[in-house]
There are 2 protein chains.
Amino acid sequence: MHSFTEENYLKVIFHLYQVQEMPVQTNAIAGKLNTRAASVTDMLKKLADKKLINYIRYQGVTLTEQGKLIAIQIIRRHRLWEVFLVEKLNFGWDEVHDIAEELEHVGYQPLIERLDKFLNYPKRDPHGDLIPDSSGEFEIAVQTGLLELAENINAVIIGVTEHSSPYLKHLEKLGLTIGESLLIEGITSYDGTLELDCSGKKISISRKVAQHILVSTKNQ
Amino acid sequence: MHSFTEENYLKVIFHLYQVQEMPVQTNAIAGKLNTRAASVTDMLKKLADKKLINYIRYQGVTLTEQGKLIAIQIIRRHRLWEVFLVEKLNFGWDEVHDIAEELEHVGYQPLIERLDKFLNYPKRDPHGDLIPDSSGEFEIAVQTGLLELAENINAVIIGVTEHSSPYLKHLEKLGLTIGESLLIEGITSYDGTLELDCSGKKISISRKVAQHILVSTKNQ
DNA sequence: AATTTTTTTTAGATTTATCTAAATTTAAAA
DNA sequence: TTTTAAATTTAGATAAATCTAAAAAAAATT
């Protein structure tokens, strides 16, 4: 089908586009893939030949419909495997990213469909990310960044946008895991530190930590 | 660690050595890997440099202790994933080989140990092959080829040595699956066809089919 | 608008795993 | 034991993905 490497490029382009909503730049891709801009250019030409991306020299890239579909399938696989690793094999949410990064490239459609069924069609992965369905559709997420949440409004943590192990371990130590209820009691004017009430416990977190927490003010 | 390709070479060398108990020949490896003898020679040099095989030009190869350990780990992964696919995801025993062939290369030790635990430390895979433990030890198998079984001796099917989907589907249609009891009632002198009694049902099978069935006369 | 900086691309090499075709070695047959 | 056949290896090429260094284009700054 498509090589391991091609799949990774598509996935990264998808993620970067999600964040920026602008054509994705060569350097950004190189950064994410720990490779050099020159290597990225080579691969972009190849992906463009295969009509998986829209590529104009010096103008950055976007995914074609076909490219987007492939990227979403890989994201689906990644997230389903993460659910498996946490729920069935009892890994911590900070341990599963790298393993899923490998498992996501095992490409055999029925495997993923059966895994999905086995896991009882989960809606989100252990970090709160939405799992697209088999046709590539995402549910619409009603979510807010914690930094955008107004003071004294009840909310529930539904996800994180940073998956590194140190970050996730830190959150866990603070008791800030998915499903927890919280409320911003105040924001320190000097450095913006957030004073939270998390299920009765008082916690202070820096803006850097808060930046990657997603909350919902509905469905509590 | 080791490349996908290197792992496949080691695995194939292990399997071929099991059958022949003699240094494995270049052509045999090429045949199993659908590649050319020249390519195999190239890779053998590389594996020899890494001290994973004992290689003397024109004399075939054997695995070193280190090479054997790696091969067995891959076989362990393969067989555990097969158990997962059949028992948890409800695939048929004829469907799992190729999927496991990919999953076996996801190399992260704790993943396999936890999978093993999740599956409740299975002893054999869905084809009856023994699963080595985490230190690479195989249980001693008390098994006989069906063609070596004497007439009128009760036996139980414990494995097959051929994993192709058409073969396994054929066995399934005949009702010859793992755990089934059988007895050779007679052997046709003309072409060696075996007349079996399998749990009361009378079945005739060719020597070609019988050749890949393993039975045990103990533990019934 | 001209200059500097940043970003991206090209040109040319390198590495890994493969191949074909020819040469070599070993094994089998006459 | 010579000859023939089979198996294996070498030599030289190719394709995928990467790299460095230099050139080119775009963006930012003066």
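Letters A, B, ... mirror the listed sequences (proteins, then strands); counts begin at 1.
With rounding to whole Å, Ile56(A) atom CD1 is found 15 Å from dT9(C) atom C1'. Taking atom CG of Leu44(B) as the reference point, atom C1' of dT8(D) lies 10 Å away to the nearest angstrom.
Checking Phe4(A) against Lys45(B), the closest nucleotide of DNA chain D that is more toward the 5' end is the one next to Lys45(B).
Judged purely by atom type and a 3.5 angstrom limit, Thr193(A) has no side-chain atom pairing as donor or acceptor with the backbone of Ser204(A). Between the side chain of Arg79(B) and the backbone N or O of Leu130(B), at least one donor-acceptor pair lies under 3.5 Å. Here the side chain of Arg77(A) pairs no donor or acceptor atom with the backbone of Leu103(A) at under 3.5 angstrom. Side chain of Arg114(A) to backbone of Asn90(B): a donor-acceptor contact under 3.5 angstrom is found.
Residues passing the side-chain contact (heavy atoms from CB on, under 4.5 Å) test with Glu102(A), sequence neighbours excluded: Val106(B).
When the options His105(B), His2(B), Lys32(B) are evaluated for a side chain to side chain donor-acceptor pair (under 3.5 Å) with Asn8(B), the one that passes is His105(B).
Contacts between residues 17-26 of chain B and DNA chain D, counted as heavy-atom distances below 4.0 Å, involve Gln25(B), Thr26(B).
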Item to check | Sequence-aligned protein contact record of nucleotides 18-28 of chain D, with B where the base is within under 4.0 Å of a protein heavy atom and S where only the sugar-phosphate is | outcome: BBBB--BSS--

Checklist entry - Could you walk me through whether Glu101(B) and Lys11(B) pass the salt bridge (Lys or Arg N to Asp or Glu O under 4.0 Å) check? => result CA-CA 11 Å; Glu101(B) 203 80 353; Lys11(B) 189 182 61 169; 2.9 Å; yes

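Taking the six-membered ring where the residue is Trp, Phe138(B) and Phe14(B) present parallel rings, their angle staying beneath 30° rather than reaching 60°.
Under 4.0 angstrom from either OP1 or OP2 of dT8(D) there lies at least one side-chain N or O belonging to Asn27(B).
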